[in-house]
Amino acid sequence: MAADSDEMHERLIKSFQPRLRNLIAVQQVLDLLDFVTPDQKERIRQKNTNEGNRAAADALVTAVIQKPHQAGWFRAFVDALEGSGCGYAADYIQNKIPEPEVETENDNCVRLIQILSPSLVDMKVAEVRVHCLSQELITQDDSEIIAAATRNHGAKTGARELLGRIVRGRPGWFSKFLSILLETQHTKLYYELTGGSPDCDKQAQIGQILGCSSSQPNDLDGEADDITLRDYQMKVVRPALEGKNIIICLPTGWGKTRAAVYVAKKHLDSRKAAGQTGKVAVLVNKIPLVEQHYSAEFLPFLKPMYKVERVSGASQLKISFVDTLRKNDVIICTAQILENYLDRSRTGEDEGVNLSDLSLIIVDECHHTQKEGVYNEIMVRYLKQKIKNAKLKKEQKPTVPLPQILGLTASPGVGGATKLDKAVEHILRICANLDASKIMTLPPDQLKRDSKKTVKPVEDRKEDPFGDVIKKIMNAIHYHAQLKPNGDLGSQIYEQWVVQMERKAVLEGDHKVRACAEHLRQYNEGLGLSNTIRMWDALNFLNKYHEEEMKNKTTPDEEQVIQITDTERFLFNLFKEYKEELHKLANNPDYENKSLSILRTKILQEFSTRQDARGIVFTKTRRVAIALTQWIQENPKFADLDVKAAYVIGGGDQSVVKPMTAAEQKDVLTKFRSGEVNLLIATSVAEEGLDIPKCNVVIRYGHVGNEISMIQTEGRGRAEDSTYTVVDVKDSGVAEKECVNEYRKDMMNKAIDKIGALKQDAYDKKIQEFQIQAIMEYRLRMKMKQKEDIKNEDPSEVKFSCRGCSQEVCTGEDIEVIEDIHRVNVTPQFRELFIRKESTKRKDSLLDYETNGYIVCGKCGQRWGSMMYFRGIQCPSLHVKNFVVAISGKNMPKCSKWTDVPARFSAFDYVAHADQLVESSDEEDA
């Protein structure tokens, strides 16, 4: 019976093979077929590369019908076609053949696209692609392939890829495509396809081309498809659909954002039906998330019914935020933008925004709504108005409308709690801050994934001659400066001790100890790097530091002599003495650290046993992420398994390592989606929020955060057969931290259950107590901040001296402030004290100013700040951390940023300085 069935299926497939070769997307179908052998798949992929999709489709069909058949082969083939967006091909092989006239109409539409493709390839492919995805004309895989083709080969290639994919769809795709052309303002292309003119009846034109009757549904209204939620998603959003404030707590990859889009759409629909204006603000805490939520979630499902826009600190629209909010139904923005405009409304200085202007606020990663975070700043405004409204209501006065609140998180965490009651209190505080009536999640047993988790401990190296040499250098420095270290060399305790010694030496003007402590910090980091990455990378780090220090001791024209103290000379010679020995040891692979060996084995194992391995390695610092990527790229064993690595790191400027721009992050993640990169090496930037495709390999290398970080990292392994591995690194303690996080994760789930079991009256009472407490704490913080903001010290009593040599540099009277940000000193006396140097880093260039190079002390070479050009005037900008600040003769113990200085400096007088510049220029000309 099974044989007869197989024979019938084979005949159907063979009879429709000429049509199937045009309808099958070979690459995607192959990814979903288990019964085709790896060798066959490789040959088919090779044919696809060399001869094209049609030839590869024939080869695929031959492989599918090849005997003997596995049980269920035909169903598996149908499922693969459906899953890869080739539903029309699946219909044919199941004998679900369309009516002859429908088939003819569809064939005509395909031919029309082919004939007019020279014009159609001029479309705005990125915008059309988004709409095609939302209308399900293409799959997510299709979308990523089109995006990759556009990026790598240009818009026309991307457009051809898009057209080739939509014509494989079931009949009805053409009218949807026409609708998309209208929605994206491709009017000219629309009329080319319909053969009409702007004055003609649009539906009649479509009917003319398709031969459609007027009874067919009209897709030109451009309505977005209804969002279909899974049962568990519908369960957690139900209270929000009733207008209640809630928190949705679901793991990474479980569709929190899609659920939020659904709530936003239903909210806007209900407001419209009631004749009310709906206004939704989606708040995120990272700039890349603005574009991600806009293009991947809210725009595809809400447009064209609703106007959707995004605004961030990187967007020009932030200037006209009020107008942008007024013109659109949904705004996706960084929380700080909204807070800035709420504050403007409070002060009345400029046109601002009120909470009453919004009807729904969606707070992404809402576990950050606590303490002094920007989410909490916004929500305290909400809570204060809520309490005022209760008072107004009692007085029978009109209240101020407040928006509905929807919080999204993968994990609220336990806030460092060691006991269940404290964990409950932590989560209740977050609920109170968001005014949530409840926290919606699923039972822990429903949230479990079959991710295989292992912790790989590391043994000490039997021999570590490279580390021994570094320790020998460090002990020589200890002896020279007569220092008695606290803690093992390379440990965190030692690092803290060195930092304390350095600060103390700076305050006391002990430049011998200060210089030694600075070098000890670098060697301690080098020791840590040699336990984490290659010895060669650690040596390069130390070498670069010494080259920079030597560079600061030389002048460009060599006319000015920069002081080198006996201690500095000792430190430079000490490294020079051992550099060659370190170089030889770094080249010996026998002495590499064990953690790196474990990581290598794990990656090779995963990529050799999986057909389509895709992974993320999380690590602690940017420097380690970059070094690991280089190590993988340079190792032929990884190349043999087609491991293609790239790093993704943060965009902040806190680190000495060059940050990654949002565009650079996006480019790497796009390559990861398309398969051009299959192994990401990432810092914590990839743990939270960023839309990273499904991967089946997640590795924590020498770094573990808190329980929130662990839950988010585990969520990155979204594939069913994914593995999660923690690789220990010497002195990192990650194995122990991971055990603690597991305990806290279990405690968090119990705390959520306990909160869910509270009677509503008891819950509401707790929430009210915490809300009043949150407002009181906020007021206290504001009072403290106001005190800190009082700059009552006389600028003439504030003196700055060089951190490196104690040379007196200037007083506060010489400092001027540009745009409340930059502290500059443009006095002639100051110009005599520094040397300007060219920077290897990129220039910062904005509308009114650009930074170009940096300035160092002319006496000792200590870096002081940067050289800035402000509207044509050269302005040396000072970085206060490079100076010792004294007030009324007493050194300040800590002064790392300008807000720490309790004095108010005068504003930069541009006109006066420009006049002086003109006068001096006239004198030179005379």
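Position 1 is the first residue of the sequence, and the numbers go up from there.
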Once the angle between the rings of F570 and H480 is folded into 0 to 90°, is it parallel (under 30°), tilted (30 to 60°) or perpendicular (over 60°)? parallel
Angle between ring planes, H519 versus H546, binned at 30° and 60°: parallel, tilted or perpendicular? perpendicular
With sequence neighbours excluded, residues passing salt bridge (Lys or Arg N to Asp or Glu O under 4.0 Å) with [X]:
| X | answer |
| --- | --- |
| R569 | D566 |
| K799 | none |
| E525 | R623 |

Report the residues that fulfil side chain to side chain donor-acceptor pair (under 3.5 Å) with [X], sequence neighbours left out, ordered by chain and then residue number.
| X | answer |
| --- | --- |
| E518 | R514 |
| T670 | none |
| E547 | N543 |
| Q522 | none |

Closest non-hydrogen atom pair between A903 and V798, with its separation: CB-CG2, 3.8 Å
Is it the case that more than 12 heavy atoms not belonging to [X] sit under 6.0 Å from its [atom1] atom?
| X | atom1 | value |
| --- | --- | --- |
| Y647 | OH | no |
| D468 | CG | yes |
| R503 | CZ | no |

Extract all donor-acceptor atom pairs below 3.5 Å that involve side chains of residues 626-634 and protein atoms in other chains or at least two apart in sequence.
residue	atom	partner	partner atom	Å
T629	OG1	A625	O	2.8
Q633	NE2	A645	O	3.0
E634	OE1	R534	NH1	2.9

Sequence neighbours excluded, the answer for side chain to side chain contact (heavy atoms under 4.5 Å, CB included) partners of K644 is D642, N678
Working note: R803 + E502, criterion salt bridge (charged side-chain N to carboxylate O under 4.0 Å, His left out); need CA distance, chi angles, decisive distance, verdict. CA-CA 11 Å; R803 182 185 177 91; E502 184 183 359; 3.2 Å; yes
Pairwise side chain to side chain donor-acceptor pair (under 3.5 Å) hits with a residue in residues 876-895, at least two apart: none
Hey, mind stepping through L585 and V469 against side-chain contact (heavy atoms from CB on, under 4.5 Å) and telling me if it holds? CA-CA 9 Å; L585 292 169; V469 172; 3.8 Å; yes
Start with the C-alpha gap between F466 and N588, add the side-chain angles, then the distance that decides, and say whether side-chain contact (heavy atoms from CB on, under 4.5 Å) holds. CA-CA 10 Å; F466 184 87; N588 190 335; over 6 Å; no
Looking at residues at least two apart in the chain, or sitting in another chain, which of them share a ring pair (Phe, Tyr, Trp, His ring centres under 6.0 Å) with F830? F834, W864
Holding to ring pair (Phe, Tyr, Trp, His ring centres under 6.0 Å), I want the full list of residues that pass it with Y578, two or more places apart in sequence or in another chain. none
Are side-chain N/O atoms of [X] and [Y] paired as donor and acceptor at under 3.5 Å?
| X | Y | answer |
| --- | --- | --- |
| R600 | Q605 | no |
| T565 | H511 | no |
| E495 | N524 | yes |

Run F908 and F870 through ring-ring contact (aromatic ring centres under 6.0 Å, His included) and show every step you take. CA-CA 10 Å; F908 184 77; F870 178 66; 5.8 Å; yes
Y494 and N486: side-chain contact (heavy atoms from CB on, under 4.5 Å), yes or no, with the steps? CA-CA 6 Å; Y494 180 86; N486 184 16; over 6 Å; no
Run the numbers on I533 and N593 for side-chain contact (heavy atoms from CB on, under 4.5 Å), then give the verdict. CA-CA 8 Å; I533 49 181; N593 68 72; 5.7 Å; no
